[in-house]
Amino acid sequence: MLTRRPRGTNDILPDEAARWQAVEEIIRGVCRDFGYGEIRTPVFEHTELFQRTAGESTDVVRKEMYTFQDRGGRSVTLRPEGTAPVVRAYLENGLHAGPQPVKLYYLTTPMFRYERPQAGRYRQHHQFGAEVLGSLDPAVDAELISLPIELLRRLGIEDLGVRLNSIGCPNCRPGYVAALREHFRPRLDDLCADCRTRFELNPLRMLDCKNEGCRRHKEAAPRSVDYLCGECADHFQGLRTYLETLGVRYTVEPTLVRGFDYYTKTVFEVFYTDLGAQDAVCGGGRYDGLVEELGGKPTPGIGFGLGMERLLYVLADLGRLPQVERGITVFVATAGDDVKPEALRLVRDLRRAGIPADVDYGGRSLKSQLKFADRYPARYVVILGSDELARGSAPLRDLRTAEQRDVPLDRLVQELAELRARD
RNA sequence: GUGGCCGUAGCUCAGGUGGUUAGAGCGCCAGGUUGUGGCCCUGGAGGUCGGGGGUUCGAGUCCCCUCGGUCACCCCA
């Protein structure tokens, strides 16, 4: 137990962390090019924030939140999603008073959901997300959807699918929900127990039931896009036109509904079939009522979350993991303890010059040190012994070519800097 | 929260019908002449057989519980 990490969590070891960093750098580059600024919000928030925004009836709020009392008796919750905290910060910090729209992204803070782990699902996971607040322009929707597409393109992936739907707004959704109920009411006896519950609580959910018996009945079910009000229909049409303008390929998926109650109009997913049951790499949508729900002026918004673990999985599956070099450039091997001070100073000087360098700390034989340097892997080895100190020069060995020559001690740093620049 | 499969060294795995000191490969450490890696050879370290209980003269092997991994459902990144 002492040496076991909590269920659904992961250790990211150096080799893998390097790949994360490489992907994160590409993400930051895309965000910069799209004009999104980074925002970092707390790992935990007041519990009410998530209860109010995600919706009391959602699974996330009902059974998946890491909620606890702090020592002051307040109920706080480890963030299960990224949108609500960003909207909270937008209001709390007066970003609504500046130029609109405000374009933000987040990357570092993990998310927490108490669920049974499975492929691509963890209790602590990481999301890259972006949000745009303050514009209802469907071109914003198109830009936001094209952002992860551009990211994937830069990562060397062109062919992930995009599912798109519009689930309407408070004006038109009630009519659609009524139509759904009308459609399913006569068939209730045929449906699974879950769907009978959904019928009461949230009929939209009945659409993505995977139960074979229920699937039959949703074929003929009414589609939300056929019940949109004028504003929503125009918005959806505008979005589709802009997506085509930007060359984003997508399919309209009438059964696509998302898990948070705050979504309005646009919902979308970027998916990768080989991921298994959780095939959504990225999911998001518009939330035009959320800011008002938190006490702000009516302000439209849209955003997405992209699962980092899932993205890394896709990259690995496609053989597109970024190549990262690990290891030092120079290893200083020592023959005898009396040269250790000089070795330490040499390593210090190399590091100061920006040349990754290391030295033996195990008191090992020269042979072992060479072997160690080889595995590290180091490109060059400098061999220091009392002879070398006496004559003022030392062998510099290229482990790749096995070439070795003597270099004056006071020229080593410069020599290695030049070799490195040449690589 | 529900269900299927799984749980032996750091890693990948062997260990018929329960029976002496639990094995292999890889990895790790060391040695193979005097100060030189990658190949090869030799040796060494390393295992509460996930944990607990039970059956038995005796369990890694059988039974129960539990924890964990994995996949699926619910839902989601």
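Below, all heavy atoms of this structure are taken into account, side chains as well, without hydrogens, waters or symmetry copies. Every chain is numbered from 1 and lettered A, B, ... according to where its sequence line falls, protein lines coming before strand lines.
B/U66 and B/G1 have their P atoms separated by 11 Å, with the value rounded to a whole Å. B/G32 and B/G37 are spaced 15 Å apart, taking the C1' atom of each and rounding to whole Å. Across the C1' atoms, B/G10 and B/G54 are found 33 Å apart, a figure rounded to whole Å. Remark: the separation of the C1' atoms in B/A59 and B/C64 is 15 Å, to the nearest Å. Going from the P atom of B/U56 to that of B/A9 covers 30 Å, rounded to whole Å.
Across all strands, A/Gly120 comes closer than 4.0 Å to base atoms (heavy-atom distances). Across all strands, A/Glu309 comes closer than 4.0 Å to no nucleic acid atom at all (heavy-atom distances). When heavy atoms are screened at a 4.0 angstrom cut-off, A/Arg198 is found touching the sugar-phosphate backbone but no base atom. A/Ser368 comes within 4.0 angstrom of sugar-phosphate atoms only, judged by non-hydrogen atoms across all strands, and of no base. Residue contacts shown for A/Arg205 are limited to sugar-phosphate atoms, with no base heavy atom under 4.0 Å away. As judged by a 4.0 angstrom heavy-atom cut-off over every strand, A/Glu269 is placed among residues making no nucleic acid contact. Heavy atoms of A/Ala119 sit under 4.0 angstrom from primed sugar atoms or phosphate atoms, though from no base atom. Residue-level contact check: A/Ala402 touches the bases, meaning some heavy atom is under 4.0 Å from a base atom. Residue A/Phe260 is in sugar-phosphate contact alone, with no base atom involved, counting any heavy-atom pair closer than 4.0 Å across all strands shown. Using a 4.0 Å heavy-atom distance criterion, A/Gly8 is classed as a sugar-phosphate-only contact. Here A/Glu81 lies out of heavy-atom contact (under 4.0 Å) with every strand.
The closest donor-acceptor contact from the side chain of A/Arg163 to the backbone of A/Phe271 lies at 3.5 Å or more, if one exists at all. Judged by distance alone, with hydrogens and angles left aside, the side-chain atoms of A/Asp11 form no donor-acceptor pair with the main-chain N or O of A/Leu13 at under 3.5 Å.
Counting atom types as modelled, A/Gln369 pairs no side-chain N or O with a base atom of B/U36 as donor and acceptor under 3.5 Å. The base of B/G37 lies close enough to the side chain of A/Arg397 for a donor and an acceptor atom to sit less than 3.5 Å apart. Judged by atom type and distance alone, A/Asp374 does not reach the base of B/G38 through any side-chain donor-acceptor pair under 3.5 Å. For B/C75, the base has a donor-acceptor partner in the side chain of A/Arg121 [N/O atoms by modelled type, under 3.5 angstrom].
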Report all interatomic pairs (protein N or O, nucleotide N or O of nucleotides 49-53 of chain B) with separations under 3.5 Å.
none

Could you go over nucleotides 2-5 of chain B and give all protein N or O partners under 3.5 Å, atom names and distances?
residue, atom, partner, partner atom, Å
B/U2, O4, A/Arg116, NH1, 3.0
B/G3, O6, A/Arg116, NH2, 3.0

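Closest to the side chain of A/Tyr114, from the set B/G1, B/A72, B/G38, is B/G1.
Note on A/Lys367: a side-chain N or O is less than 4.0 Å away from OP1 or OP2 of B/G37. Within the 4.0 Å cut-off from OP1 or OP2 of B/C75, not a single side-chain nitrogen or oxygen of A/Thr58 is found. Between A/Gln118 and B/A72, a side-chain N or O to OP1/OP2 separation shorter than 4.0 Å is present.
Exactly one residue among A/Leu239, A/Leu144, A/Asn165 makes a side-chain contact (heavy atoms from CB on, under 4.5 Å) with A/Phe268. That residue is A/Leu144.
Around CZ of A/Phe34, the count of heavy atoms belonging to other residues, nucleotides or ligands within 6.0 Å exceeds 12.
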